[in-house]
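These notes are about the structure you will find just below.
Order of listing sets the numbers, starting from 1, for every ligand and every atom in it. Heavy atoms only: backbone and side chains are in, while hydrogens, waters and symmetry mates are out. Position 1 is the first residue of the sequence, and the numbers go up from there.
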Amino acid sequence: MTHTKDSNDAVIVRFAPSPTGFLHIGGARTALFNWLYAKAKGGKFVLRIEDTDRERNSEEAVSAILDGLRWLELDWDGEPVSQYARADRHREIAEELLASGNAYRCYLTQQELAAMREAAENEKRSFRLVSPWRDRDPSEAPPDTPFVIRLRAPNEGQTVINDHVQGEVTYANKELDDLIILRSDGSPTYNLAVVVDDHDMGITHVIRGVDHLTNAARQTQIYQLLGWPVPQWAHVPLIHGSDGAKLSKRHGALGAEAYREMGYLPVAMRNYLVRLGWSHGDDETFTTSQLIEWFDIDAINKAPARFDIQKLEAVNAHWIRNTDDEELFRRITDLLAYIPEGQQITKAFAAGADEKLRALLPAMKDRSKTLLDFVEGGRFLWADRPLVPDAKAAKLLDGPAREMLARLALHLKELTDWTAEPIEATIREFAESDGLKLGKVAQPLRAALTGTTVSPSIFDVMAALGKDETLARLQETAHSA
Ligand code: GLU
C-alpha cells in the first residue's frame, strides 16, 4: 500500500538540474514553480545538483546554473547538495534492498540480454526483461562474474501516480521491468539516487517536467519496497515553440544567460515563465507577492505551453515602465558586463556619461522593450565628437540647416537654466521668429546632436547632454562642410 507524504508536512521542494549545460528555459520554469510553491506554502526550496554523469558534467555548467538562478532571484535554502557525493549512501540503500530480498543480484551477460531481445523480436513480441536471476538461488551464482543489482519489482497489479497536474496515471506493473539500481561497477543508477536523495532531503513535493512521469512510477516502486512515504507529484507540461513544435533554439530556447544579455528584467522573465503552464484569469503581469499569493500547482495546465518571444518582450516593456529609474540604471550597468561594447561604455560612464544616461532614462522608458534599447538609444550620449551622422541625419544637415543651427546656438548660449522647459521655450521662440515650424528646427537639431533621426524628445536630449556638450556639437555641425 502506498503511503504518501502528508499534506500537513511542512513543504520542502527541490530543483535538481543535471549540470550538462546552461540553465535552459524549461529548467528555469521548473525552478520557478518550485520556488513559488515553497514561498506560497512557507516551505523550503533546496537545490540538488545531479552530477553523477561524470563525463557530461562540468563545474562550469554548475556555476552557469547557479548564476542563472541568482539572476532570476530564485534564492534557495542551504547549500546545494551534490548527488555524486552521496553515492555511498545510495549503495547502502541498494544493499539494504538486497538484504531484505527486495532486490537481487543479476548475472545476466550482455550477450544473454541481446539474445533474449532478439528472440522477442523474432517472435514479434514486445520485450520486457524477466531476469532468470530473479528467482534463482544466489548460491548458483557464477564465481568472479560481474553482476548488477535489480529491484524485485512487483509483477502484478498497478502502480498509480496521483499527480497534481496529470491526474491519476496508472502503470501496469507487468509493463515495468526489474530496474537496475546498482551497476556492475558499483555506481548507483539515476532512479535509485533520486529516491534516496529526495527521501533524505525530506522532499514533500516533486515538481518537474512531465518527461519524468515514467520515472515517477519506477521511483514509486522503490519507495514502496523501502517502506518510505512517496512524495506528492506534479509533472508539468513541456514547453513548445510558438508553432506548436518541440521547443528548440530556433524558437528562442536559449539559456537564462542569453535573456540576461538581451536585456530582459528578471521580474519580466519570472512573469513570462510562470504563464507557461499556469494562469490567473487573463493576467499577464504580476508582482512577486501576487504570484506568491496566487500560485498553486493544482492550477497548472496539462497542455503544453507555447513559448512566444513577442509576449516576453511585451511583458518586459511593461516592467521597464514600472521599474524605478535607479533600479533600471543599476540593471543597465550590470548588463554592461555581458555585452561586447560594455567596457567601452563603462569607461564613458566613469567619465560622466552615467549622469547623462540617468538624466535621459525617464524619457526613454516608454520606448524601450529591453535594457539593450537604453544602451542603443543612449549611444549618442557617450559618442566621441565630432559626431558622424548616419545617412538620413546627414541629409537633414544641408547648408541652410547648418546656418540655422549656428544662429540657434547663439540663442541657446544665453540660456542660464539648462533644463527641458526653458530649452523648449527658447527653441519655440526661435522657430516662431524665424517663421519655421517646430519640426523644421527640431529635426536638424536632433540630427546634429544625436547623429540620427530618432530619439526621445529633443528637449530632454539637450538637457541630458548638458549645455557645453550641446553647444559644442552644434558648433561642430555648423562648421562642418
Ligand atoms: N536531473 C533531472 C533533470 O535535469 C531532474 C530530475 C528530477 O527532477 O527528479 O531533468
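Protein heavy atom closest to atom 6 (C) of ligand 1, with residue, atom name and distance, is Tyr190 OH, 2.8 Å. At the top of the distance list for atom 8 (O) of ligand 1, counting protein heavy atoms only, stands Arg14 NH1, 2.7 Å. Shortest contact from atom 10 (O) of ligand 1 to any protein heavy atom: His212 NE2, 2.9 Å.
Under the 6.0 Å distance and 45° angle rule, Arg54 counts as a cation-pi partner of Tyr84. Note that Arg358 lies in the cation-pi zone of Phe329, set by a 6.0 Å cut-off to the ring centre and a 45° limit from the axis.
The pair Lys44-Asp77 does not count as a salt bridge, with every side-chain nitrogen at least 4.0 angstrom from each carboxylate oxygen. Ionic pairing of Arg218 and Asp177 is present here: one or more N-O contacts between side-chain nitrogen and carboxylate oxygen are shorter than 4.0 angstrom.
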CA sep, side-chain torsions, deciding dist, call: Lys365, Asp325, salt bridge (charged side-chain N to carboxylate O under 4.0 Å, His left out): CA-CA 9 Å; Lys365 275 169 100 165; Asp325 297 352; 2.7 Å; yes
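Of the candidates Gln83, Glu50, Arg48, the one placing a heavy atom closest to atom 2 (C) of ligand 1 is Glu50.
Of the polar atoms of Ala16, at least one N or O is found under 3.5 Å from an N or O of ligand 1, judged by distance alone.
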